[in-house]
Structure formats: structure tokens, C-alpha cells
Amino acid sequence: MTFAIEKTLPYITQDEINEVCRRLGKQIESDYRDKNLLIICILKGSFIFTADLIRHINLPLSVEFVQLSSYGSSKTSSGQIKIVKDITSDVKGRDVLVVEDILDTGSTLNRFREHLMGHGPKSVRICALLDKPSKRVAQIQADYVGRVIDDLFVVGYGLDFSETYRNLPEIRYLPD
Ligand code: IMP
Ligand code: MG
């Protein structure tokens, strides 16, 4: 690839990401035995993480995709969300695990969780690949966290800056 950003050192390497997916997948597998697991992948940022994570969960499960967009600039979220694509299957009675790329202010997931609760799931938990607790505004935390990170803007492995860099195989931070 020819991204200038590739001259910087990876912030989270492919090996570390693989290890995170394995660890979280096994933990989820043991917590969701005898449950009715429905994974909800939040597009676009968590498509790669979800694909890797679910292959470490050796249980019957189904996967749904939701696309949310927050009205804000490219590096901050405004707290207002729009559901661009909603789930198509019934969540009533399901044990829902929402898979998100990064929990930043928490506004996006907080609003989506309210929307989901209105559809009567049996339980809702959150799995976030990355967590930036220093930026949190909303009352929300992830039940499963891949890695806590500093207040940096990161890209790659599904995460974008203005729709670029999603295809980087590792996570890098974008210098100011
Ligand atoms: P929140 O509503 O502030 O928690 O924002 C969550 C969403 O903002 C994530 O799902 C990402 O799409 C995006 N986001 C937040 N921080 C970053 C980052 O460091 N890199 C790329 N996207 C980010
Ligand atoms: Mg994004």
C-alpha cells in the first residue's frame, strides 16, 4: 500500500489484534452457552472486527448489521445519530451482543441501545474493540473491551478517517 501513514509504527499490531479477538471470542463463548445469541455488527467500522471475532465463538449464533451515522465532523461525534440501516430480524427474547469498533464519547451506542431496548431483547451487552474512556460523555460502558487506548485518533482494521484507511491490516494513529 502507499499510505504515508505506513511510515509510522503500528499502534496495535496484527498479532495483538488476533490475540484480542481470540481472548474476547473465548470469553463470549463461555458466557453465552445455552443463550440465544444475536450479534449486531455496527457498520461500517466494526465489519472486520466482527468477522474475526465470531470465528472464535464456537456457538450457534446469528449476525445482523446496523449502520449508524452521527452528525458531526470527521473526528468528533455530535451525539445525534441517524439509523441508516436498521436490523431486519426480530430481537425479542434474544441475547444481543452489540459489536462496536470504538467507544469514544459513547453517544452513538447510548442512543442505539435505547432504540434496541424498545424492541424487547432478553439482554443487551456491548463488545468494543477499543475504548477511549477519557472521552466518555454518555453513561455507557462496554462489557467486553479489546483494548483501552489513550485519547488518540486511530485508523485501520475497519476504522476510518473520512472513509479512508479501513483496509490497513493493523491499527495506527493519525498524527495531528
Ligand atoms: P462516539 O459516539 O463518540 O462514541 O463515537 C463512536 C464512533 O465514532 C465510532 O463508532 C467510530 O465510528 C467513530 N470514532 C471515534 N473515535 C474514533 C477514532 O479514533 N478513529 C476512528 N473512528 C472513531
Ligand atoms: Mg466511523
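Both counts, for ligands and for their atoms, begin at 1 and track the order of listing.
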J.: Does a side chain donor of either S89 or E64 reach within less than 3.5 Å of an acceptor in the other side chain?
T.: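 Yes - a donor-acceptor pair under 3.5 Å links their side chains.
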J.: For ligand 1, which atoms, with element, lie under 4.0 Å from some heavy atom of L159?
T.: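 Close to L159: 20 (N), 21 (C), 22 (N).
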J.: Could you tell me which atoms of ligand 1, counted from 1 in the order shown, lie closer than 4.0 angstrom to a heavy atom of D104?
T.: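 Contacts of ligand 1 toward D104, numbered from 1: 1 (P), 3 (O), 4 (O), 5 (O), 15 (C), 16 (N).
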J.: Establish whether V98 and I102 are linked, either directly or via other cluster members, by ILVMFWY side-chain heavy-atom contacts under 4.5 Å.
T.: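 In one cluster: no.
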J.: Under a 4.5 Å side-chain heavy-atom rule over Ile, Leu, Val, Met, Phe, Trp and Tyr, are I81 and I40 clustered together?
T.: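 Per the 4.5 Å side-chain linkage, I81 and I40 are co-clustered.
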J.: Taking only heavy atoms of D101 into account, list the atoms of ligand 1 that are under 4.0 Å away from them.
T.: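 Per the distance check, 9 (C), 10 (O), 11 (C), 12 (O).
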J.: Could you go step by step and tell me if D31 and R125 meet the salt bridge (Lys or Arg N to Asp or Glu O under 4.0 Å) rule?
T.: CA-CA 11 Å; D31 292 351; R125 284 188 186 171; 3.7 Å; yes
J.: Does I42 reach ligand 1, in the sense of a heavy atom lying below 4.0 Å from it?
T.: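 For ligand 1, residue contact (heavy atoms, under 4.0 Å) with I42 is absent.
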J.: Salt bridge (Lys or Arg N to Asp or Glu O under 4.0 Å), that's the test. Do R136 and D131 meet it? Break it down for me.
T.: CA-CA 9 Å; R136 195 79 83 256; D131 188 6; 2.6 Å; yes
J.: Test your reading of the structure: does F153 have an N or O sitting under 3.5 Å from an N or O of ligand 1?
T.: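 No.
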J.: Tell me, please, whether Y144 has R23 positioned over its six-membered ring: NZ or CZ under 6.0 Å from the ring centre and within 45 degrees of its axis?
T.: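 Cation-pi check for R23 and Y144: fails.
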J.: When you measure from the heavy atoms of V154 to every atom of ligand 1, does any distance fall below 4.0 Å?
T.: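 V154: in contact with ligand 1 (<4.0 Å).
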J.: May I ask you to list the atoms of ligand 1 that are less than 4.0 angstrom from any heavy atom of T108?
T.: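 Near T108, meaning under 4.0 Å from one of its heavy atoms, ligand 1 has 1 (P), 2 (O), 5 (O), 6 (C).
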J.: Decide whether the shortest distance between a heavy atom of G106 and an atom of ligand 1 is less than 4.0 Å.
T.: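 Yes.
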J.: Heavy atoms only: which of E100, R166, K132 is nearest to atom 16 (N) of ligand 1?
T.: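 The residue whose heavy atom sits nearest atom 16 (N) of ligand 1 is K132.
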J.: Are D95 and S123 close enough that a side-chain donor and a side-chain acceptor fall under 3.5 Å?
T.: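 Yes, side-chain donor-acceptor contact under 3.5 Å.
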J.: Relative to ligand 1, is L152 under 4.0 angstrom through side chain, backbone, both or neither, heavy atoms considered?
T.: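 The backbone, only.
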